[in-house]
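Take a look at the structure set out below.
In listed order, ligands and their atoms are each counted from 1. One is the number of the first residue; the rest follow in order along the sequence.
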Amino acid sequence: MNNSLSERDQLVNWHPYTQMQTAPPPIGIVRGEGAVLFAEDGREYIDAVSSWWVNIHGHAHPHIAERVSQQLRTLEHVIFAGFTHAPAVELSERLLKLLPANQAKVFYTDNGSTAVEVALKMALQYWHNQGIPKSKIIALEGSYHGDTFGAMSISERSVFTRPFQQYLFDVEFLPVPVPGQEEAVLAKMEELLTRPDIAAFVFEPLVLGTAGMVMYEPEVLDKLMALCRQKGVIIIADEVMTGFGRTGKRFAADYLTQAPDLMCFSKGITGGTMALGVTTCTHQLYASFLSEDKTKALFHGHSYTANPIACAAALASLDLVEPEDFLQNLDRISAAHAAFALVLKNKPGIKEVRQRGTILAVELEVGATTYFHSLRDQLYQLALENGVLLRPLGNIVYVLPPYCITQAQLNQVYGVLEQMRELVTKAV
Ligand SMILES: *Cc1c(COP(=O)(O)O)cnc(C)c1O
């Protein structure tokens with residue numbers, strides 16, 4: 001048993017989003033601290049993508065560890081049908097206080113995809129329970145809402161979804177209202193909303209993550225939401241990635257004047273400590289399920305619904321998210337990103353630099369670009385060789401760091417982006 005983790009892993013594990021035949025061996029990680037991951041071979045990596053966008057406070061945060069271990073010794077789990085517990089009650093109370101005032105109820109699941117599935121079911125059953133035949137969903141082109149079938153259906157059709165195409169339900173795709181396209185997209189939305197069967201509009205607010213950190217402005221989203229509101233169309237904000245500080249405010253919703261009917265959260269909610277999904281809704285939506293008739297209930301639940309350990313991790317994370325200095329620290333990262341974006345913007349090899357809060361995306365100038373572009377793998381390896389974990393989406397490299405990242409660590413990450421720029425200018 002003295003083989004490395006990496007070697008043993010390859011005998012038994014199947015990794016996500018990985019072509020197992022050609023992918024390099026996985027890197028065995030033995031420890032994490034702050035923004036840094038420590039590998040079994042002694043190397044260190046700055047986790048500049050917060051381990052798939054979940055790890056907002058850095059690794060092995062002592063406060064979260066303490067709170068979780070207390071909970072482990074108190075109550076590890078209890079069925080959430082017919083029973084409840086303090087961590088779930090307290091988490092819902094505190095979460096609702098941070099969200100738009102119209103959010104009234106919290107439904108727990110295990111991950112972002114299920115948080116979205118539940119929002120879809122709530123929106124569709126809202127109409128069904130009232131006997132109103134509305135079932136069409138509007139989604140944004142290029143969007144990503146998860147890997148379960150409902151979530152795939154409202155996501156961009158791509159090589160990811162092709163084998164399942166015939167099982168995905170049809171949705172109406174609206175172009176993303178990126179700067180310059182606002183009026184055209186608003187007109188398209190008005191046209192779509194003349195249809196009588198539109199049930200809901202679902203979107204990633206302000207930043208489409210998997211699409212390549214595609215960004216649009218709060219003003220146009222407010223207008224799209226207002227159009228939906230006029231027609232009674234259910235508004236679903238998927239804040240799975242944007243939630244808990246990522247966009248520079250606690251939630252993307254904090255940039256808006258309109259409020260969604262349904263909100264989805266996961267990723268940052270436990271600071272990357274436990275799997276947890278949350279769907280919140282308005283009282284109006286919740287009330288449509290209230291009846292003497294049992295068939296009008298929401299028939300959805302997971303074995304680990306509202307797991308107390310996960311809720312405790314989320315509470316500990318909220319302890320760090322609620323104080324005012326949380327926002328000041330986000331400003332620190334946003335300002336560092338903005339300053340670097342200014343330096344990079346007009347250099348050769350750069351097509352576009354985008355930034356929203358703690359998210360910095362650099363679109364490199366290359367020829368044909370797809371997710372499978374071989375350049376992508378070169379960029380990924382280049383970062384690793386320089387002690388930084390970055391996961392380019394094709395020719396788009398983004399930085400989405402844990403909020404504890406230091407300026408020195410950010411500078412190291414920016415240095416890698418400069419090297420990537422130099423690499424593509426040579427390759428072109
Ligand atoms: C990651 C993501 C999801 C899916 O979450 P999982 O926990 O990976 O299932 C859904 N929506 C958005 C916007 C995401 O970024």
(request) Provide the number and element of each atom of ligand 1 under 4.0 Å from a heavy atom of Y144. (result) 1 (C), 2 (C), 3 (C), 11 (N), 12 (C), 13 (C)
(request) Answer yes if a protein heavy atom lies under 4.0 Å from atom 8 (O) of ligand 1, otherwise answer no. (result) no
(message) Any nitrogen or oxygen of E204 lying under 3.5 Å from a nitrogen or oxygen in ligand 1? Just yes or no.
(response) no
(request) Using the ring of Y255 (Phe, Tyr or Trp, six-membered ring only), decide whether K249 places NZ or CZ under 6.0 Å from its centre and within 45 degrees of its axis. (result) yes
(request) Among all protein heavy atoms, pick out the one at the shortest distance from atom 11 (N) of ligand 1; state its residue, atom name and that distance to 0.1 Å. (result) D238 OD2, 2.7 Å
(message) Give me the residue, atom name and distance of the protein heavy atom closest to atom 6 (P) of ligand 1.
(response) G112 N, 3.5 Å
(request) Would you please say whether a donor-acceptor pair under 3.5 Å links the side chains of H302 and H300? (result) yes
(request) Please could you name the atoms of ligand 1 that G146 approaches to less than 4.0 Å, counting only its heavy atoms? (result) 4 (C), 10 (C)
(request) Fit a plane to each ring of F203 and F201, take the angle between them on a 0 to 90° scale, and name the class: parallel (under 30°), tilted (30 to 60°) or perpendicular (over 60°). (result) tilted
(message) Test of understanding: given a 4.0 Å heavy-atom threshold, classify the contact between W53 and ligand 1 as side chain, backbone, both, or neither.
(response) side chain
(message) In the structure I gave you, are the side-chain heavy atoms of L221 and P205 within less than 4.5 Å of one another anywhere?
(response) yes
(message) Can you see whether F244 has R246 sitting over its ring - NZ or CZ less than 6.0 Å from the centre and within 45° of the normal?
(response) no
(message) Could you check whether D110 and T114, counting side-chain N and O atoms only, form a donor-acceptor pair closer than 3.5 Å?
(response) no
(request) Number the atoms of ligand 1 from 1 as they appear, then name those within less than 4.0 Å of a heavy atom of M241, with their elements. (result) 15 (O)
(request) For atom 14 (C) of ligand 1, find the nearest protein heavy atom and state the residue, atom name and distance (0.1 Å precision). (result) K267 NZ, 2.9 Å
(message) Take a 6.0 Å sphere around CD of Q284 and say whether it holds more than 12 heavy atoms from other residues, nucleotides or ligands.
(response) no
(message) On a heavy-atom basis, I'd like to know which of S113, G243, P16 is closest to atom 4 (C) of ligand 1.
(response) S113
